[in-house]
Enquirer: 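The structure's right below; bear with me while I get my questions together.
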Protein chains: 2
Amino acid sequence: MNKTPQHRKVYEILRKRISDGVYSEGDLLPSENELSSTYGVTRATIRIALNALLNEGYIKKHHGKGSIVQKNPQGVGILSIAGITSAVGKDNLKTKIIVKPEIRSFEEAFTFQLSQKEIDAGCIYFERLRMVNDEPVFYDITIIPSINLPSFTSIDFENKSLFDILRRRYRIQVRGGEQKISATTADKNIQKYFNVGRNFPILLVNRRFETNRIDFYFYSQVRCNTSDYFLYGTF
Amino acid sequence: MNKTPQHRKVYEILRKRISDGVYSEGDLLPSENELSSTYGVTRATIRIALNALLNEGYIKKHHGKGSIVQKNPQGVGILSIAGITSAVGKDNLKTKIIVKPEIRSFEEAFTFQLSQKEIDAGCIYFERLRMVNDEPVFYDITIIPSINLPSFTSIDFENKSLFDILRRRYRIQVRGGEQKISATTADKNIQKYFNVGRNFPILLVNRRFETNRIDFYFYSQVRCNTSDYFLYGTF
DNA sequence: GTCCATTTGTACGTATGTATC
DNA sequence: TGATACATACGTACAAATGGA
C-alpha cells in the first residue's frame, strides 16, 4: 500500500489555501496548536508540514509570533526542484521536438562526472524548444542513461512533461540535484530558434537530477533567453 | 541566555566530520539509533540535525538504508545562503572598493518591490570588484536601506565580508532571501574591470536578503564573469 | 518596565509502518 | 524471511520570543 502521510495532507491543504489566496501575503497562519486540533493530528505532525512550506518559501516562521504567509513564488522557478513544465504552467508552455529521442554515446567532455556504468550504457538524447506564451524562451537538451527504460525512444514528447512521463511510465521520481549556471552567447542553432543575433547573451544551466533509483541520474542542459523571463529562486 | 540546542551541536559535529573527510563521499552515516545513543539525545533530535544536513546537501537519505554522505559542495555556491566571501573562501578572494559607501535615494526602477519606509529612508550604496585568485570575477553593487545603521558609511570594506560586519557590528543575521538570475552583456564599466569586450556575456544576479530584523532587507546586484567560474547550487 | 497569555523552539519517550538488503 | 534503518505519528513538558495589558 502507498498511503499518503498525514503531514503531507496538511501540507497540501495549506499550500492550496495559500495559492488560492485564502491565506494571503502577510497573514498569520493559525497557530500550530490550532492547526493541530483542526486537523486532528499532533503538533509534531503539523510542524513537519509547516517545515515543508518553509523550505519551499511559502511561509516564514517567527518565534513567539507565528507563521507568516509569503507572496507566492513567481518568475520562472527552475532553480527549484520542479521542471520547466511545472514552473511555467502547462497552459502557457508549448514544446517542439527538434531532435527526436535517439540512442547515443556520451560526449567526451561531459559537464558532470559519469560512472563507468553510465558510459558503457550510452544515453538517450533529445532536444526540445520550449515556448512560453508562444515566445521561444528555453532550449532543452536532455540526456538520460539508457538503463532499464524500455521503449523510451518511441515516446512522443510533444507538449509533455518529462518528469510526468518518468514518474508514470517508469516510477522514477526526482529527489533533487545539482546545477551549474553560467552566461554564454547564442550559437548558430540558438540564434535561429530564439531569433536573436550572434552576440545575444544566453543563460546556460547544466543540471544533474537525482532520483529514487539509487545510482540513476539524468542530465539536462537548458539555454534561456532571459530578456523577458529571468530565473527565480529562494534560499 | 543563548544556549546552543542539542540538535545544533550534533549538526555541527557531523558537518565537521563530513568536511574533514572522517565520513567521506558515499559512506553511510551511523544509523539514527546509533547517533541517538552516541550523543545521548533522542532520535527526534538526531532527525532535526540530519534534516539540516539534508537541506544543505551534505547527505542524502534513503529509506531502509541510511544516510549517505555526498561530495562536499564545490564551485562558487552563491546560489545558497552564504555570501561570496564564504563561498569562495577568504584566502582566495580579494576585494577592491570602486564606489565607497555613500547615502543615496533608491533608483526609480528597482528590481524588487520596496516599502514606503525603505524609499523614505534612502540607502547606503557601494560597489566592489572582487578577485578570485587575482582574476576579476565578481562585481558587486550593494544597497542597504539606511535604517539604524550608525556610522556605516565610514567602515572600511576592503577585503572584508559584508555578512561578517553586519553580524558583528549590528547583530544582523541573514536568514534567507530570493534571487533573480539572467544573462546580459558587459557595459562600459564591466568591460574595463573584467577586461573583456563589448559583447561579452555576463551573469547577472539580483538578490534580496532577509534578516533576523523583521522588515529589514538589503539588496545586492552581482555580475559574474563565468568563463572560468560558474555558479553552483543544489536543490 | 513588568507581567502574562500566546506561539514557536527544543527535547523527552513510545509505538508502529515501510523500504532495503 | 528476518534484521536493520528510516518514516510516520502519538503524547508530554518546559524554554524562549513576542506582543499587549
Side-chain angles (χ1 to χ4, degrees), chain A residues 1-14 23 26-55 58-70 171-173 175-176 210-216, chain B residues 1-14 23 26-55 58-70 171-173 175-176 210-216:
Chain A
M1 270 308 153
N2 203 340
K3 219 179 60 176
T4 307
Q6 305 262 47
H7 66 76
R8 184 75 195 176
K9 288 180 189 166
V10 174
Y11 162 86
E12 297 288 358
I13 292 169
L14 293 177
Y23 304 126
D27 286 358
L28 279 175
L29 286 188
S31 75
E32 295 181 356
N33 281 321
E34 275 185 79
L35 292 171
S36 167
S37 59
T38 302
Y39 297 107
V41 296
T42 57
R43 230 187 100 203
T45 305
I46 293 294
R47 283 179 65 80
I48 294 173
L50 291 182
N51 271 328
L53 292 169
L54 180 67
N55 283 332
Y58 287 98
I59 62 171
K60 294 279 173 190
K61 299 174 85 172
H62 285 279
H63 193 167
K65 194 175 178 190
S67 301
I68 300 170
V69 177
Q70 302 299 301
R171 292 171 185 274
I172 292 175
Q173 284 177 329
R175 287 278 179 82
E210 291 153 14
T211 69
N212 55 339
R213 286 195 194 172
I214 298 179
D215 292 334
F216 182 79
Chain B
M1 268 307 157
N2 202 341
K3 220 179 60 175
T4 307
Q6 305 264 46
H7 66 76
R8 184 77 195 174
K9 289 181 189 166
V10 174
Y11 161 87
E12 297 289 357
I13 292 169
L14 294 177
Y23 304 126
D27 286 358
L28 278 176
L29 287 188
S31 75
E32 295 182 355
N33 280 322
E34 277 183 79
L35 292 171
S36 167
S37 59
T38 302
Y39 297 108
V41 296
T42 58
R43 235 189 93 202
T45 305
I46 293 294
R47 283 179 63 79
I48 294 173
L50 292 182
N51 272 329
L53 292 170
L54 181 68
N55 283 332
Y58 287 98
I59 62 170
K60 295 280 172 189
K61 297 171 86 170
H62 284 279
H63 193 165
K65 192 175 179 191
S67 301
I68 300 169
V69 176
Q70 302 298 300
R171 292 171 185 274
I172 292 175
Q173 283 178 330
R175 287 279 179 81
E210 291 154 14
T211 69
N212 53 340
R213 288 194 193 171
I214 298 179
D215 292 335
F216 182 80

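Residue numbering restarts at 1 for every chain, and letters A, B, ... go by the order of the sequence lines. Since this is a predicted model, take the numbers as computed values, not measurements.
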Enquirer: Which pairs, protein N/O on one side and nucleotides 5-7 of chain D N/O on the other, fall under 3.5 Å?
Expert:
unit_1 : atom_1 : unit_2  : atom_2 : d
D/dC6  : OP2    : B/Glu32 : N      : 2.6
D/dC6  : O2     : B/His63 : NE2    : 3.1
D/dA7  : OP2    : B/Arg47 : NH1    : 2.5
D/dA7  : OP2    : B/Arg47 : NH2    : 3.3
D/dA7  : OP2    : B/Lys61 : NZ     : 3.2
D/dA7  : N7     : B/Arg43 : NH2    : 2.8
D/dA7  : N6     : B/Arg43 : NH1    : 3.2

Enquirer: Once you round it to whole Å, what is the distance between C1' of C/dT20 and NZ of B/Lys60?
Expert: 19 Å

Enquirer: If you round to the nearest 0.5 Å, how far is CZ of A/Arg47 from OG1 of A/Thr42?
Expert: 11.0 Å

Enquirer: Can you list the steps and then say if B/Ile13 with B/Tyr39 is a side chain to side chain contact (heavy atoms under 4.5 Å, CB included)?
Expert: CA-CA 10 Å; B/Ile13 292 169; B/Tyr39 297 108; 3.5 Å; yes

Enquirer: When you look at A/Arg8 and A/Val10, which way does the side chain to side chain contact (heavy atoms under 4.5 Å, CB included) test go after all the steps?
Expert: CA-CA 5 Å; A/Arg8 184 75 195 176; A/Val10 174; over 6 Å; no

Enquirer: Can you tell me how far P of C/dG9 sits from CD1 of A/Ile48, to the nearest Å?
Expert: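 Distance check: A/Ile48 CD1 to C/dG9 P gives 14 Å.
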
Enquirer: Whole angstrom is fine here: how far is it from CG in A/Leu28 over to P in D/dT18?
Expert: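 After rounding, the reported distance stands at 13 Å.
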
Enquirer: C/dT10 P sits how many Å from B/Lys9 NZ, rounded?
Expert: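 Nearest whole value for this atom pair: 13 Å.
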
Enquirer: Taking only N and O in the side chain of A/Thr45, is any of them less than 4.0 Å away from OP1 or OP2 of D/dT8?
Expert: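 The answer is no; no side-chain N or O of A/Thr45 sits under 4.0 Å from OP1 or OP2.
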
Enquirer: Identify the heavy atoms of A/Ala52 and A/Tyr11 that sit nearest to each other, and give their distance.
Expert: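 Heavy-atom minimum between the residues: CB-CD1, 3.6 Å.
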
Enquirer: For B/Leu50, check side chain to side chain contact (heavy atoms under 4.5 Å, CB included) against everything at least two apart and list the hits.
Expert: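 With sequence neighbours excluded, B/Leu50 shows a side chain to side chain contact (heavy atoms under 4.5 Å, CB included) to B/Leu14, B/Leu29, B/Glu32, B/Leu35, B/Ile46, B/Leu53, B/Ile59, B/Lys61, B/Ser67, given in chain and number order.
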
Enquirer: Could you state the atom-to-atom distance from CD1 of A/Ile68 to C1' of D/dG19 in whole Å?
Expert: 13 Å

Enquirer: Does some side-chain heavy atom of B/Leu28 sit less than 4.5 Å from a side-chain heavy atom of B/Ile68?
Expert: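 Answer yes - side chains close enough.
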
